[in-house]
Amino acid sequence: MRHVTACFRKRKHGEFKCLSRSFKQVLAGFYETGRREFTVLDSDMRFQVIVAAVFWSGFVESRKVRGISSSYKRFYKERKSFLCIDGSKIIPFEQVNDDYCDCEDGSDEPGTSACPRGRFYCTNLGFRPHYIPSSRVNDGICDCCDASDEYNSPAHCQNTCWNLGQKERAYVEGQMRTLDEGLRLKQQLIEEGVLLWREKQAQLRELQQVAEDLQIKLEEHRRRKHEAERLKEQTLKALEAGDSGKGRILMRSCCNPYSITVDEVKTKVVLVHDEERLLSEDEALGLLGGGHQIDLTKFRRTLWDVLTRGDSVKVRSISLHFQHPPRCFFAAEWEATNLKKVEEAYETVNMEISDLRKKLAIDYGTDWEFLFLNSQCYKLKVYEYIYTLCPFNQVTQKNTAGTEVSLGTWGMWAGTPKNQYSQMVYENGEPCWQGGSRTTTVTLTCGTETALRSVKEPSKCQYIMDFQTPVACQPVLKQRGIHSEL
Amino acid sequence: MASFTERMVPVLVLWLAVCLAETWAVDRGNFKTCDQSAFCKRQRALKPGESPYRALLETMELTNTRLTLQLINDNNKVRLLLELYRLQGNITRVKINELKPLKPRYEVPDVLIREPPTEPLSLLSQDENGVVLSLGSESQRVIISARPFRLDIMEGSDVLMSLNSRGLLTFEHLRMRKDTFSYKVTSTVASVWDNIKRVFSSQADPEAEKKEEADPANQAETTKEEEEKVEDGMWEETFKSHSDSKPNGPSAISLDFSLPGVEHVYGIPEHADTLRLKTTENGDPYRLYNLDVFQYELYNPMALYGAVPVMLAHNTQRTTGIFWLNAAETWVDISSNTAGKTVFGKMLDYVQGSSETPQTDVRWISESGIIDVFLMLGPTPKDVFSQYASLTGTQSFPPLASLGYHQCRWNYNDQEDVQSVDAGFDEHDIPYDFIWLDIEHTDGKRYFTWDPHKFATPKEMLQGLMDKKRKLVAIVDPHIKVDSNYKIHNEIRSKGFYIKNKDGGDYEGWCWPGSASYPDFFRADMRAWWASMFAYDQYEGSMENMYTWNDMNEPSVFNGPEVTMHKDTVHGAWEHRDVHNLYGFYVQMATAEGLIQRSGGIERPFVLTRAFFAGSQRYGAVWTGDNAAEWDHLKISIPMCLSLGLVGISFCGADVGGFFKSPSTELLVRWYQTGAYQPFFRAHAHLDTPRREPWLFGPENTALIREAVRQRYTLLPYWYQQFYHAHRTGEPIMRPLWVEYPQDPATFAVDDEFLIGRDLLVHPVTEEGARGVTAYLPGKDTVWFDIHTFQKHNGAQNLYIPVTMSSIPVFQRGGSIIPRKVRVRRSSTCMEHDPYTLYVALNLQRTAEGELYIDDGHTFNYEKKEFIHRRLSFAKNILSSVNLAPDAQFTTRSWIERVVILGASKPSKVTLQTADGQDSQLEFDFDASMSVLTLRKPGMNAGADWTVMLQ
């Protein structure tokens, strides 16, 4: 390390033709070819590397060429002339990095700002090498962490590569830990997801079974209602036919205070025509709506009212006086009510089935890893608003006054072709002032917890959310982590 | 920024219903027509005829500096005082006021940079019909005719300009309110009549009542009452639900000007109209009344945000100007005797030799104040610019960085947003200098504050920008939230600095913060206090790389008449009616002063304003307000900025991309290409529009926009030099072709292309789906070089130029030398020490001239002669740089890295000779197909004397 520091000092004095540069280039070259080895070096070994680099420097050509990576060195071998890399022009070698742009492609000025299309290679020993546009060379702003871009500028750039590298490494390590933990959690969630998926499937099957049962029941009830209606009609017809509007039913006395039976009807109710006569079995059945017994209250509310109100069927008032509690009779309406109940049940079950099917039709990832999010909601307070993300369902925004606004309902996955599960879109939220409706784009990132991390509205009515969850962790990231240098 | 209805949504729910009903066009009903403005209607009802005014020659007094003379109106015997001055630089000033006004009438202060220096007037002759005065050289004379009064300015036998030749001089003298008096009279008369009636009825004469009705005395009374009715609006006026009490009664003034031989008049911004002003006989006059117009319409004479009452008249012989110094609501009527004529009709006139001289007649009408008019007599366009500049000053010399690209949006939401947009520019390698914060950055629209959550650490944000050599603009509007917890409000209130309503209380109106009051910027002490608020220790979170934007300073009052302030509010001794058009001028003045003061007078300010008046050029930049993302709005940006340039305001731009609505990608790219060649280059967008940072439209369009912005940056040395020149001379930067080619009538109405300075001609593509444009290249013996291909074209022709999406047709004039910095960096400040490339475009005589101006780019030290100003010239195969300012001192690190000579022939050798007498051979490259000679790395310092010889 001592060597390097010495050279930096020299650089600060404006002399850059010191050993340090070639030194650094060597290191850079070494670093490029031996990057992987570097990562495994411990600090004691690093000194030896530097010694080796010093040793190598004697063999390095093109020490003058600033701003190139070692892989480009072959283009800059010190000869009499230089061929622009695009082959467009040959210039004297002195014109390389002489602060005048000769080559169309900028290749003659890798170390100066002369070429509009040029690029400068930051070696960034200790951190990550990268290219910057030539226009950032000597512009007074430190771009390369090794300060190599500001070799002739009033900017006082410090070499921050080492710190950055450490930070980066710490960061990457943190990321790795997160990733490891995330992947572990993800595995759990996948397992849970599979279970959940099975559970849901079972639930679906169950519901389907219920639906089937209900269907059978439904048919039975339909048949019965139909039958009852037929009987009722028959009876009424008979009554009408018998008395052309003057038939009367007489109910003599009553019986069971809570229900009424066919027999009771037969014996107690008298059809008053020209003369009184008892009801036939069919007529009595018809009055009871096809059943043999009916709850008295029901009878009174439905059939009895029909009978007593109807013009064609008169009931002798004395005889019809109900004792308290009132008595007896029945009708098709009873069956209708029953049918309706079953129908409703059937409908409910079917809706549940279709809901469940819809849910199950959503793409929950290759391993159903996102399934567990389905029934969850995540909240985040940003300034005066509370945002709620219910994955695969909806996004809402609530202000302090409690007014809730829809920012969209589940639309689709909209990630990259490489990983389509990296982004969700919720659309068709509350309409906006200037037309259109609110939409929310949710970006999923890897984390050990599942939580909403940020909400922004870059344009009016267009929201973006950062949603962290272990299931967004991708093993790919792990390989990138290895890239960390020194 | 938005005009009112659009942006008040968060402010006032009540307005919502109104807004919902609005379509994408101005709601004309919100703004007055001439008919709805009582004084305009009254005045316009007067038709040309014999003037009732007579000059009382016996009252004439002639001193060395001025002539005074009384005028009398023979109808009402009211006397006026005419003052006539001959001002230095061929300007005649005519002032007319009441001889003895009931109370003083408003005379506009602070707009003139000083009391204009006079030159002696001499009497040539005098008789009972009038007097003739000499205007010095060039046989220019003023003839004052006595009966009726008129004033003619002659040169030789030509009349340059006539005043009151159509008899439209009117002066509504101040008077006591008569209605109370007349009421008394009427009621007295009525009671008399009642008595008479009673007498008659006691006589039981059945004819009596009929007689009464026929009585001539009674008739006279009726007529009198009718007169009162006709004059409705003199003492009170209502518009929509707003009533304007007029305690001073009628006070309008009017005067007509005839311009013989003139068919083209320009100026009187701000209007969304063609460069050449139209005649107004079939519609409303052009209106000058600063208004916040929501979604303004194009090609009409409606008033907009600013007003400069200056008109230029031009023909092949002469350019003149009329500066009507009045800050009240003003209407300008234009008529022309050739306006209705067909080309055939004109030809017939010509053939028959019976043609009457073409003539344009102009009439100015103002609601109050006095007639104070400056007749700028040219004769060249540049003379008129310099004459006007001698009165109101020149364009302020802005910091160099403000000529770069500005990135604005309503709104960048928080510090993180600012940071990420900033990073976006670096990532996409697009330069920019300023990022802007609109009203949402404040704590509840309390200016001088920051939203405590979204902008919690503004200095951190500013430091981040400063590290990249970039800057920020934060908005400070003049409406102040009425809130007892707001320091600014409390101070203004306690100092009594607010504008008062007619009853003496602080005026309150609605604006962004809800209920707001308006500081009285007409008070010098108020302005001084306002300026002090920009001190770093007052304006918390501000830093030296933060500048200011004054919006809504018409002033905009959402619930006021025509979205502005009630005319009967009170500014000390004056009504708002008298001063309205000056409000924005003063706001910007005080703000610019604040920015100067905070740096101890060292740094140049940058302040953008929406409202403006004559003289606003001294305080910063203006933009054309809330335009829309439509092709026609892109087109109109050219005549709108050209018109402003003609009246001194050079630092002009339109919102790139259009403020309202969302531009198509093609429109956005074309707008960047156009904006890159206009003086103030800022993209802006409405809150409700989707994001449109340059990189959001795919890599291809990002590249197109990047290229347009880079072209801007390479030309910054030229732009800077143009601003320096404008600051020195008052000449417009973006200028109409006719200014440089005043004798070529083909240029007179061109407003789809323009010049930057003398040397660059720009014809932006402003048509959707364009495959080509036809540019007019002026100048018979001039050649023009395409700056991209170096192709040479002859002047005085219409040139069809095929275009693709990357085309920006720009030409460099043969005979010019333009310095560029071709190393485009992140911001203009990063390019400070970069070397120059000189583009030498040879004319037919194989000569060329140009200038190079260099200073520190941001301080007032140039006033202390700290700058470099070189003349570059090429003649006889020698290119040289000589010092234009030998007494100035400045050193630069910049050097000359390249010289590109267009239209050159191949030399055998090229020698550079520097001041120390050293000769050196230069390498060069010659492109025979385009005749372009490139000298490689001559390397001399940009501030040095040197000569390059081609042999």
Side-chain angles (χ1 to χ4, degrees), chain A residues 89 91-92 94-95 98-102 104 106 108-109 112-119 131-143 149-150 152-157 381-385 399 431-436 438-439 441 454-464 466, chain B residues 6 9-10 16 19-20 24 409-414 416-417 420-421 426 429 431 451-454 466-470 660-662 685-693 696 710 713-714 822-827 829-835 837 893 895 897-898 923 925 934 936-939:
Chain A
K89 207 170 173 185
I91 57 169
E94 303 91 77
Q95 292 185 3
D98 73 337
D99 208 13
Y100 183 87
C101 190
D102 292 289
E104 193 67 8
D108 62 318
E109 296 294 318
T112 77
S113 59
C115 288
R117 280 171 198 77
R119 53 181 199 166
Y131 282 101
I132 57 168
S134 286
S135 65
R136 292 178 197 175
V137 173
N138 290 328
D139 66 347
I141 299 167
C142 314
D143 290 289
D149 60 319
E150 295 299 316
N152 183 21
S153 106
H156 299 290
C157 300
K381 189 165 187 281
V382 182
Y383 306 134
E384 66 266 44
Y385 295 109
N399 65 13
C432 291
W433 179 245
Q434 293 288 354
R438 288 167 170 77
T439 56
T441 306
S454 78
V455 183
K456 284 181 208 158
E457 188 188 3
S459 301
K460 205 66 183 294
C461 297
Q462 291 178 2
Y463 298 82
I464 52 173
D466 177 16
Chain B
E6 195 29 38
V9 186
L16 211 99
C19 297
L20 284 173
W24 284 110
R409 173 178 178 81
W410 177 28
N411 215 106
Y412 286 119
N413 295 332
D414 46 32
E416 204 190 330
D417 200 357
S420 78
V421 171
D426 287 346
D429 200 17
D451 183 297
H453 304 293
K454 296 168 184 167
M466 196 181 279
D467 291 346
K468 295 232 194 110
K469 305 197 177 185
R470 286 174 179 150
F660 291 114
K661 304 171 94 178
S662 199
H686 188 280
L687 182 70
D688 287 337
T689 60
R691 287 284 176 132
R692 54 169 99 136
E693 284 72 45
L696 296 175
R710 288 174 66 98
Y713 276 77
T714 62
V822 297
R823 305 183 181 191
V824 175
R825 303 191 189 248
R826 258 180 290 220
S827 70
T829 314
C830 292
M831 295 161 65
E832 187 184 351
H833 307 297
D834 279 347
T837 295
R893 284 168 52 193
W895 47 286
E897 72 169 326
R898 189 184 292 106
E923 282 180 48
D925 183 61
T934 305
R936 185 186 191 281
K937 209 183 175 191

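Computed over heavy atoms, backbone and side chain alike; hydrogens, waters and symmetry mates excluded. What you are looking at is a predicted structure, and each value in this text was computed from that prediction instead of being measured. Note on naming: letters A, B, ... go to the chains in the order of the sequence lines (proteins, then strands), and numbering restarts at 1 for each one.
- When each of B/Arg825, B/Met831, B/His833 is tested with A/Asp139 by the rule side chain to side chain contact (heavy atoms under 4.5 Å, CB included), just one qualifies, namely B/Arg825.
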*From CA spacing to verdict: side chain to side chain contact (heavy atoms under 4.5 Å, CB included), B/Asn411, A/Lys460*: CA-CA 10 Å; B/Asn411 215 106; A/Lys460 205 66 183 294; over 6 Å; no

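- For A/Pro133, the part lying under 4.5 angstrom from a heavy atom of chain B is the side chain only.
- Across B/Thr689, B/Asp451, B/Asp426, the residue that shares the most heavy-atom pairs under 4.5 angstrom with chain A is B/Asp426.
- With a threshold of 4.5 angstrom between heavy atoms, B/Thr837 does not approach chain A through any atom at all.
- To the nearest 0.5 angstrom, A/Glu457 atom CD is 11.0 Å from B/Asp417 atom CG.
- For the side chain to side chain contact (heavy atoms under 4.5 Å, CB included) with B/Arg823, the lone residue among A/Cys101, A/Ser113, A/Cys115 that qualifies is A/Ser113.
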Pair B/Arg826-A/Asp143, salt bridge (Lys or Arg N to Asp or Glu O under 4.0 Å): steps then yes or no = CA-CA 12 Å; B/Arg826 258 180 290 220; A/Asp143 290 289; 2.7 Å; yes

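- Exactly one residue among B/Glu897, B/Arg898, B/Glu923 makes a side chain to side chain donor-acceptor pair (under 3.5 Å) with A/Tyr100. That residue is B/Arg898.
- Of all heavy-atom pairs spanning B/Lys469 and A/Gly140, the tightest one is NZ-CA, 3.7 Å.
- When every heavy atom of A/Asp102 is checked against every heavy atom of B/Arg936, the shortest pair comes out as OD2-NH2, 2.5 Å.
- Heavy-atom pairs under 4.5 Å with chain A were tallied for B/Arg691, B/His453, B/Arg409; the largest tally goes to B/Arg691.
- Salt bridge status for B/Asp429 with A/Arg119: absent, with no side-chain N to carboxylate O gap under 4.0 Å.
- Contact annotation: the side chain of B/Asn413 never approaches that of A/Tyr383 to less than 4.5 Å [non-hydrogen atoms, C-beta and beyond].
- For the residue pair A/Ile141 and B/Asp467, the shortest heavy atom distance occurs at CG1-O, 3.5 Å.
- When atom types are taken as modelled, the side chain of B/Lys937 and the backbone of A/Asp98 share a donor-acceptor pair closer than 3.5 angstrom.
- A/Val137 touches chain B through its backbone: at least one of N, CA, C or O sits under 4.5 Å from a heavy atom, while the side chain does not.
- Residue A/Ala114 touches chain B through both its backbone and its side chain, counting heavy-atom pairs closer than 4.5 Å.
- B/Glu416 touches chain A through its side chain: at least one heavy atom from C-beta onward sits under 4.5 Å away, while N, CA, C and O do not.
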